[in-house]
Amino acid sequence: MEISGAEIVTRCLQEEGVEFVFGYPGGAVLEIYDAIFKQDKFKHVLVRHEQGAVHAADGYSRSSQKVGVALVTSGPGATNAITGIATAYLDSIPMVVISGQVPTPAIGLDAFQEVDMVGITRPCVKHNILVKDVRDLAASMKKAFHIATTGRPGPVVIDIPKDVTIAKAEFHYPQSVSLRSYTPPSKGHPGQIKKAVNLLADAKRPLIYIGGGAVLSNASNQVTELVKMLGVPAVNTLMGLGAFSGSDPQNLGMLGMHGLYEANMAMQHADVVIAIGARFDDRVISSPSHFLSSPKKIVHIDIDPSSIAKRVKVDIPIVGNVRDVLDEMLGLLRQTGAKPAAEPLAAWWKQLQEWRSHDCLKFDLDSEIIKPQFVVQKLYEVTGGEAFITSDVGQHQMWAAQYYKFNKPRRWINSGGLGTMGFGLPSAMGVQLANPDATVACITGEASIQMNIQELSTCKQYHTPVKIINLNNRYLGMVRQWQEFFYGNRYSESYMDALPDFVKLAEAYGHVGMKIERPADVEPALREAMKLKERLVFMDFITDQKENVFPMVQNNRGLSQMDLPPHMRHLQTGTVAKERDYGNLS
Amino acid sequence: MRHILSILLENEAGALSRVVGLFSARGYNIDSLTVSTTEDPTLSRMTIVTSGSDDVIEQITKQLNKLIEVVKVIDLNESDHVERELMLIKVRATGKDREEMKRMADIFRGRILDVTEKTYTIELTGESSKLDAFIEAVDRTLILETVRTGASGIGRGERILKI
């Protein structure tokens, strides 16, 4: 029996086992919405802005290992989705975004709500498809899901003209798809893996460098086993947090621009670095030439060959799925008993412990103003480290990454690659829908939260009791920090004036609002909010305006050339040692 | 350094713009680009002449391979290959220049395709450097118009780019 293109779309989504579609209707997708109305296999979540739909699908995917699905109309619906799509692309999140398109005869005629979606998304998708014939629709949908989820994952856009949703065809959903031009690698090259094991066994100052690929390939167990078996230290990128327990003593923490002192020093001074699903990007190793100025051998495991040797030349590239490669590597290590020699490793640990002993995350606990770090620390304690944490972008994001110890993968949901302000709240909705019984907190700032604050309404409609931790310093904090450090305290347009009363705002949306102004009230307020299991609680923490994120590696500096927190200033070296006017906020 | 990349890709709408978009988005050079369908109508073959350090060429190759519709990429410079480009050049051919142009066309093994009282249109094929040499060899002021296809290349001997 022939069914309409719109029904084919909903049937395909059912076949894929989709639970939630995040979207917003409009002219070009009315047929699809009509088909959605007539089915009850999956739920539709009506967001308040298409960007929110894509971020919600993204958060849903990151926290559940499933594909996120968003549905938007043509023209402005499609362009509103772009930021979300680019966010998912930069962080390699499997997602299918269905966009409506004007009818095929109208394409190219500047029709009402027409935009060349395939053209406009080309640089920020893994792939995109314009379906011109209803008979290709089911196969194109299958292809979209296949491409989104295999290899290095990523968003796929499928653009469907309105006449294609009306036209009818027999429905046949292919069980599998094979593309001659797309054959993602799985297993790594055994010879390379063997070389990597030999290199590890000879290492004096080995380091495991864990990136987002370890999370995406669900390789947490393998990573943990590798680190424990060898007794070596590990560092994580912002995207890799949680792949290896944040409270394990062998974990030196996050490295990079705002990485921990011990993690950055370890990365700089290691003689053998095993990169696992990480890509040596600018926010992680800063200057490649400085990074390589201390001699080291690098093993790079990545599913995407183009990530290898992009910024840093490596000695042993291993192209493959991180989990499969590590399984093979662990097998070989078990079989041969290869291990780094005990004596140099002990000396390395001694050095690492010395670096760690400076406690670079120490901050003023006696402050009369709430320190933002303190809020994150208390949140960690109150939630027992078990919460899903989403974040926006800026200082609060870095403090969340530094002070919340992620002990499990997929608990830390943030826009690392694109750095999208406005990601936190909508992604938290997606996380909460994927994990209805879990505690989901969105750590944000008063600037970021306002970029998608309309989603408070969606949270009300779908009962997603997210806890919003608003670290309100009345500034675009990270912009302000850079202006303080590099622009002579000229705080150009970084002050957030005319802020709303967030408590009243939350209440207006039907939620609970709290304003917390004293350090002593932080923990009780958090406990009270967590008790309100069924409610969204907007917690407006009035925090120190002058607080900066330390350590900090300036652009193009070496990893070990950090700006350090006040209690460690005596360790600053080289050009960084130059006295700088820290913390002069008038 | 100059490299000639041969690319087999699905003959689908938008495939070409993906390749071109990749070059512009990542700041790679395209000196020339030719593309047409192959004997298998589902496949197109593209020849891109580009330049860059070995690291850049490696990245270009990897990035091209990442495009879903790209089936295969080879760098022809990695071994012996044949390269040809076609140029049509319209020149002024009057007075003593008329004979000179005919002679130049013969020396470069060109063919005169179209003749008017004042002009010749000459067809030339060869390596791109040969076409450059022809342009260098004739009096610039006599050149009225040129159109070049960009280089096409193929490996010598048994080396075959096929799926």
Side-chain angles (χ1 to χ4, degrees), chain A residues 86 89-90 92 104 107-108 116-133 136 139-140 143-144 146-148 150-159 177-185 279 288 300 302-314 317 319, chain B residues 1 3 5-28 30 33 35 37-46 48 50 52-75 78 160-163:
Chain A
Y89 180 62
L90 267 285
S92 309
T104 42
I107 289 179
D116 173 14
M117 183 59 167
V118 164
I120 220 168
T121 55
R122 194 172 291 129
C124 62
V125 291
K126 186 172 174 191
H127 195 56
N128 56 24
I129 305 166
L130 169 65
V131 184
K132 284 187 164 170
D133 187 331
D136 298 335
S140 298
K143 198 168 146 184
H146 173 67
I147 292 171
T150 49
R152 181 177 181 172
V156 177
V157 165
I158 179 155
D159 198 32
V177 52
S178 119
L179 297 166
R180 62 182 171 183
S181 59
Y182 174 71
T183 45
R279 59 189 177 97
H300 192 171
D302 205 298
I303 196 155
D304 179 0
S306 76
S307 280
I308 295 176
K310 185 161 68 178
R311 292 192 83 234
V312 167
K313 280 242 175 240
V314 301
V319 176
Chain B
M1 201 192 136
H3 284 255
L5 301 178
S6 266
I7 305 160
L8 269 186
L9 70 166
E10 298 288 354
N11 183 15
E12 280 173 15
L16 170 63
S17 59
R18 280 183 219 282
V19 172
V20 176
L22 168 70
F23 274 75
S24 65
R26 294 190 182 263
Y28 306 141
I30 297 182
L33 182 156
V35 62
T37 50
T38 63
E39 78 284 1
D40 173 352
T42 66
L43 283 173
S44 294
R45 172 138 170 185
M46 189 183 280
I48 295 183
T50 182
S53 64
D54 289 350
D55 291 350
V56 169
I57 300 297
E58 182 184 332
Q59 262 301 311
I60 294 177
T61 310
K62 285 173 170 177
Q63 294 291 349
L64 283 169
N65 273 312
K66 224 168 120 172
L67 296 177
I68 305 294
E69 283 152 349
V70 166
V71 184
K72 244 180 191 175
V73 181
I74 58 166
D75 181 354
E78 280 171 0
I160 286 165
L161 175 60
K162 243 195 147 112
I163 51 166

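All values below come from the heavy atoms of this structure, side chains included, with hydrogens, waters and symmetry mates left out. So you know, we letter chains A, B, ... as the sequences are listed, proteins then strands, and number each from 1. Keep in mind that this is a model prediction, so the values were computed, not measured.
Between B:D55 and A:K310 there is no salt bridge, since no side-chain nitrogen of the basic residue lies less than 4.0 Å from a carboxylate oxygen of the acidic one.
In this structure, the portions of B:I68 lying under 4.5 Å from any heavy atom of chain A include both its backbone and its side chain. Only the side chain of A:K313 comes within less than 4.5 Å of a heavy atom in chain B; its backbone stays farther off. If you measure heavy-atom distances from B:Q59 to chain A, the contacts under 4.5 Å come from the side chain alone.
Listed for the B:K66 side chain is no donor-acceptor partner under 3.5 Å among the backbone atoms of A:P305.
In this structure, OG in A:S306 is found 6.5 Å from CZ in B:R26, a value given to the nearest 0.5 Å. B:R18 CZ to A:N128 CG: the interatomic distance, rounded to the nearest 0.5 Å, is 4.5 Å. Distance OG/A:S181 to CG/B:N65: 10.5 Å, rounded to 0.5 Å. For the atom pair CD (B:E10) and CG (A:L179), the distance works out to 8.0 Å, reported to the nearest 0.5 Å.
A 4.5 Å side-chain heavy-atom check between B:E58 and A:I308 finds every atom pair outside the cut-off. Considering only heavy atoms from C-beta on, A:R180 comes within 4.5 Å of B:T42 through its side chain.
Sorted by first and then second residue, the salt bridge (Lys or Arg N to Asp or Glu O under 4.0 Å) pairs involving residues 118-130 of chain A (not counting sequence neighbours) form an empty list.
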